[in-house]
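Source: prediction; values computed, not measured. Keep in mind that the numbers below use all heavy atoms, side chains included, and drop hydrogens, waters and symmetry copies.
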Amino acid sequence: PTYTVLDILQKVFYTNNGAREAFVELCNSKYVQQVTFDSYLYKKVQGNNPLDDLRLLGETIGCLVKGYSTAKPDAEFSNPVESLKRI
């Protein structure tokens, strides 16, 4: 389950600049920091307070909406020389 959660986080928060900004904002949360620390300490995802988990869900959605609405679009990336080396 730990890797599943990390995979979901990566797919949600590492897709573009807006999502990355949302992730940075969420990392400021004391609850997120405590759950992260406990999960690493006990080597499994810790389910703490269900009400705090619901609050975190709301904060996550709010941060994603804010991140998508305020972040600059990702710059187009093209490196044809490097791409040719990999073929």
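For F23, the ring pair (Phe, Tyr, Trp, His ring centres under 6.0 Å) criterion is met by F13, Y14, not counting sequence neighbours. Partners of Q33 under the side-chain hydrogen bond (donor to acceptor under 3.5 Å, both in side chains) rule, at least two apart in sequence or in another chain, do not exist in this structure. Shown here are the side-chain hydrogen bond (donor to acceptor under 3.5 Å, both in side chains) partners of R55, two or more places apart in sequence or in another chain: D52. For I8, the side chain to side chain contact (heavy atoms under 4.5 Å, CB included) criterion is met by T4, V12, not counting sequence neighbours.
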- Step by step, work out the side chain to side chain donor-acceptor pair (under 3.5 Å) result for N17 and E21. CA-CA 6 Å; N17 283 337; E21 290 294 327; over 6 Å; no
- Message: Evaluate D53 against L57 for side chain to side chain contact (heavy atoms under 4.5 Å, CB included), listing each step before the verdict.
- Response: CA-CA 6 Å; D53 289 340; L57 176 63; over 6 Å; no
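In terms of heavy-atom proximity, A22 sits nearest to C63 at CB-O, 3.3 Å. For A19 against N16, the heavy-atom pair with the smallest separation is N-OD1, 2.8 Å.
Under the 4.5 angstrom side-chain criterion for Ile, Leu, Val, Met, Phe, Trp and Tyr, the cluster partners of F37 are L41, Y42.
The list of salt bridge (Lys or Arg N to Asp or Glu O under 4.0 Å) pairs with a residue in residues 59-70, not counting sequence neighbours, reads E25-K66.
Of the N and O atoms on the side chains of Y31 and N49, not one donor lies less than 3.5 Å from an acceptor on the other residue.
Of the residues T60, L9, L64, the one that meets the side chain to side chain contact (heavy atoms under 4.5 Å, CB included) test with L26 is T60. Test I61, V32, L51 against L56 for side chain to side chain contact (heavy atoms under 4.5 Å, CB included) and you get one pass: V32.
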